[in-house]
Amino acid sequence: MARFIFVTGGVVSSLGKGLASASLASLLQHHGYKVRIRKLDPYLNVDPGTMSPYQHGEVYVTDDGAETDLDLGHYERFTGVVSKKSDNITSGKVYQKILIRERKGEYLGATVQVIPHVTNEIKEFISNDISEEDFIICEIGGTIGDIESLPFIEAIRQFHNDNGHSNSLFMHVTLVPFIASSGELKTKPTQHSVKELRSLGIQPNILLCRSDREIPKGERKKIGLFCNVKEDCVIQAINAETIYEVPINFQKEGLDKRVLEYFNLESKNEIDLKMWSQVSKHVLKPDGKVEIGVVGKYTGLADAYKSLNEALSHGGIFNNVRVELNWIESEELNKDNILSKLSNNNGILVPGGFGERGAEGKILAIEYARKHNIPYFGICFGMQLAVIEMARNLLGMNDATSSEFSDCSNSVVGLMTEWTTNNNTTEIRSNESDLGGTMRLGSYKAKLKKGSKIYNIYNNEFINERHRHRYEVNSKYAEEFEKKGVIFSGYSPDGLLPEIVELKNHPWFIGVQYHPELKSKPFDPHPLFKSFINASKKYRP
Ligand code: GLN
């Protein structure tokens, strides 16, 4: 029978509820339990697919094709459990479902209300699609006090009542700030946040207090007293040097013990966190560094490329080097400054992206990497632009472009209007289709050419990788390209859609139509990132 852990946040946002949930899940796995983590997002978008990654962070794509919150990436990276569509819900999705039902008259004349209709939908989501899991950890997005999250808080309150108090636990993540002028840690924000939570009918069982320093026992006792929480359940979460230390720190503070005690469960294993200490050691004490120039559009929000940052760092962990990223604004790149902006890098990467703005700068960077034998890794848009660059400069097609930028009849990269999914169904799209949820999304199989570089990297003929794109490289020019040493070394199994492009006479030049970064894990780095960082380590600028 599954037990439920609800994680809420108080005082301020960005306290790392996602990481806390993922780290707790990892600890429970080490104790021998099966876990699943879910995210409940109070915003009104149906999913984050249409939201700007520069505002809300990256859109994480699951195997089954859902566009979800980036926290699901943390969950997968920390637990290895593959996330599903059924692991992320938003207010938008709840209301969409209810309103469609209402229009069909399915409520049989009833007045449709937040309680019980919206809260019932949320409760249904929480307990839906569970098989053998021992624990379901549900993270509620936002901060206590937000108007939007009220139905979610009410739903988990009801859930706790419906399912028996001993089957669900409330963990509240708060902040205990240090006030420099008085030299004191302050507990008042935590007290207020818990007061707010209790006014909504929820008494937290565990408080996870984020702090930049040790919280003395006396302060923890005080928090426990004012918040009606057992003293040993007031747990400090001191800033860690690397995120991979968080599970180790939580274990030291006894978080896993308190959770098991609450549910009256024993550990099934002698807990051993060597996996996390080894990864932390590689991150904190690497042997040398590699600099990668990532050429894209930036607004300074690091979370916009969360999985990419992580996957590159996993490549570094494997090669025992620190990977330093130089973010290069593609709009500012031109022929005159390219040398000064790119020449100190050991490798160049163009990540996924949308729209024409900055595309020419990326194309210049790709040309530079190709001509100077600098390791180049193109991901999704980075692959499409590499094909455009080579069509222009190797095949002499001066007007080569993508139909994403302009209407052209003979595009090298064109809108995909019909394709076969992994389940053999046909998807059809047109220029008029909705923007949300209508790309080639989720896991698709690809067949690799034996003897190619990509084949040797994966050491496999068939791979499954996650996609998120609307346009597709035109295979029409494959033969012409091949004469110039440009190989389409992987295709969709029906042989229609190029999945990988690589250069024969270049140390490492690979573009992939999919997003390999979404499947990389610190304890199981993705083969492409291992190989790219290894090649970059060998390249001396
Ligand atoms: N804009 C491109 C497309 O839609 C690439 C998308 C991406 O990089 N994820 O096909």
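Order of appearance sets the numbers: ligands from 1, and atoms from 1 within every ligand.
Taking atom 10 (O) of ligand 1 as the reference point, the nearest protein heavy-atom neighbour is Tyr471 N, 2.8 Å. Residue, atom and distance of the protein heavy atom nearest to atom 5 (C) of ligand 1 are Gly353 O, 3.3 Å. Looking at atom 7 (C) of ligand 1, its nearest protein heavy atom turns out to be Cys380 SG, 3.0 Å.
By heavy-atom distance, the residue among Arg468, His469, Arg470 lying nearest atom 9 (N) of ligand 1 is Arg468.
At a heavy-atom distance under 4.0 Å, only side-chain atoms of Glu404, from C-beta outward, approach ligand 1. With a 4.0 Å heavy-atom cut-off, ligand 1 is reached by no atom of Met439.
Every atom of ligand 1 is numbered from 1 in the order shown, and the set under 4.0 Å from a heavy atom of His515 is 9 (N).
Taking the charged nitrogens against the carboxylate oxygens, Glu133 and Lys84 have no contact shorter than 4.0 Å, which rules out a salt bridge.
A donor and an acceptor atom, one from each side chain of Glu58 and His515, are nowhere located under 3.5 Å apart. Side-chain atoms of Glu465 and Tyr458 include a donor-acceptor pair closer than 3.5 Å.
Aromatic ring centroids of Phe481 and Phe488 lie under 6.0 Å apart.
The shortest distance between side-chain heavy atoms of Phe529 and Pro516 falls below 4.5 Å. Taking the side chain as every heavy atom from C-beta outward, Asp87 and Thr62 never approach each other to under 4.5 Å.
Between Gly352 and ligand 1, not a single N/O pair is under 3.5 Å apart.
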